[in-house]
Amino acid sequence: MRFDTLIRNGIIVTATDMYAGEVGIVGDKVSAIGAHLPSENTGRIIDAAACYIMPGGIDVHTHLDMPFGGTTSADDFESGTIAAAFGGTTTLIDFAIQYKGQSLRQAFETWMKKAEGKAVADYAFHCIITDLGAAQLEEMGQLVREGVSSFKLFMAYPGVFMLDDATIFRAMSQAAKHGGLICMHAENGGAIDVLVQRALAEGKRAPKYHALTRPTTAEAEATSRAIALAEMAGAPVYIVHLSCNDALEKVREARDRGLPAYAETCPQYLYLSLENFDVPGFEGAKYVFTPPLREKWHQEKLWQGLAQDTLQVVSTDHCPFCFKEQKELGKDDFTKIPNGGPGIEHRLSLVYTGGVHGKRFSPNRFVELVSTAPAKLFGLYPRKGTLAVGSDADIVIFDPNREDVISAKTHHMRVDYSMFEGIHIKGMPKTVLSRGRPVIDGGKFVGRPGAGQFVRRHTYAGV
Ligand SMILES: [Zn+2]
């Protein structure tokens, strides 16, 4: 036995196990896991002393190089995957948007071109459907067979992304038939639009009104409707970026009845709240994304949801817009502020800090939330999402005790502020491998743009 890379002295952590062990890598795969693997002629030995050896993070919700509201998200597939890798994320599932009148294939091909030659680690796509005629309905099955096995639908943003219930129901039925998974942006867009128009008419134009016109009830209603439509269609459903207890209760209720209903939340909903809008001038625009920030008490409910498996995944909804020139597009009108925030880099550290150091769950549950469950739900498992012989050698050497303070001055995202500025983290990646190649080592980027590959995902298999 001869390895290209041998990782020693660490503690292997998966979603189920935690033990002292060594990992041997040949080419881009894990080829052996053992206690005393032979080190003769090994290409590279990585010392993981006092660190965890865990599968690379999988972020299933990112928007790189995405046009929105007359501008484009600030990270492309190069800067975005580099920042992700710094934070221990080695696979992204981004969203390819089908605009009205287009085929789904056009969306897929457009986003494939955006990533090609740029991504430093692997990526896949969900397809956002905004226009579902007979032809696109047919295409759903083809896309699933080509590895785009999930679709995102919107119940918000009328006139732009929003679909009516009949279309959602058709899409869900078709997804169920072909083994696709529907991801749902669950907010009642119609009611929200009325609230927004009312606020504007009353001269309420500051950033905080973005949040105040999107009540938790609008999210809970849509979550419950999405689950009901999925139940009627015999389809699984995955609620994206769940932000509040009201919606969480709907998911819990469905899961208690045994329905295949799943949901993710994001670090911003675990760490930030409406109080973040108490900042001078227009600075609240830094926290304008959808769903919005909620009252602080929701945070603990979401942490509990993660601990109790009501929520299965933490993703980021990374959609960065610079404060200067991009967020400023909405200086006099909150409806013109590009919706989105940067977060791709700090997901693992934030979940570890609050989850494991915060004594809410175990290191195993941490790995499950940031890597294994996303892989299982989205057809990447066991190639990714775990450490096993034959798996891709996407590996993070994670130091559970290394500390830092998050700041835009030191982050690697191409954006001029951090939502988490000043937050203290404990638990950070030290070395990151993507399919056996070092991408981050000793605090430096050592990868190569274009080394990342498109990953064809399997169909939804049930979890
Ligand atoms: Zn999103």
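Every number for a ligand or one of its atoms is a count from 1 in the order of the listing. Note that the structure is a prediction, hence the values are computed from the model and not measured.
For the Zn ion (ligand 1), the set of nearby N, O or S atoms under 2.8 Å includes none belonging to H241. The Zn ion (ligand 1) has no N, O or S atom of C319 inside 2.8 Å of it.
Seen from the ring of F323, K286 counts as a face-on cation partner, given the 6.0 Å and 45° thresholds. Judged by the 6.0 Å and 45° rule, K152 forms a cation-pi pair with F95. Taking the centre and axis of the six-membered ring of F420, the NZ or CZ atom of R347 falls outside the cone set by 45° and 6.0 Å.
Looking at D317, its N, O or S atom nearest to the Zn ion (ligand 1) turns out to be OD1. Atom NE2 is the N/O/S atom of H61 found closest to the Zn ion (ligand 1).
A donor-acceptor pair is defined here as one N or O able to donate and one able to accept, closer than 3.5 Å; such a pair exists between the side chain of R457 and the backbone of F378.
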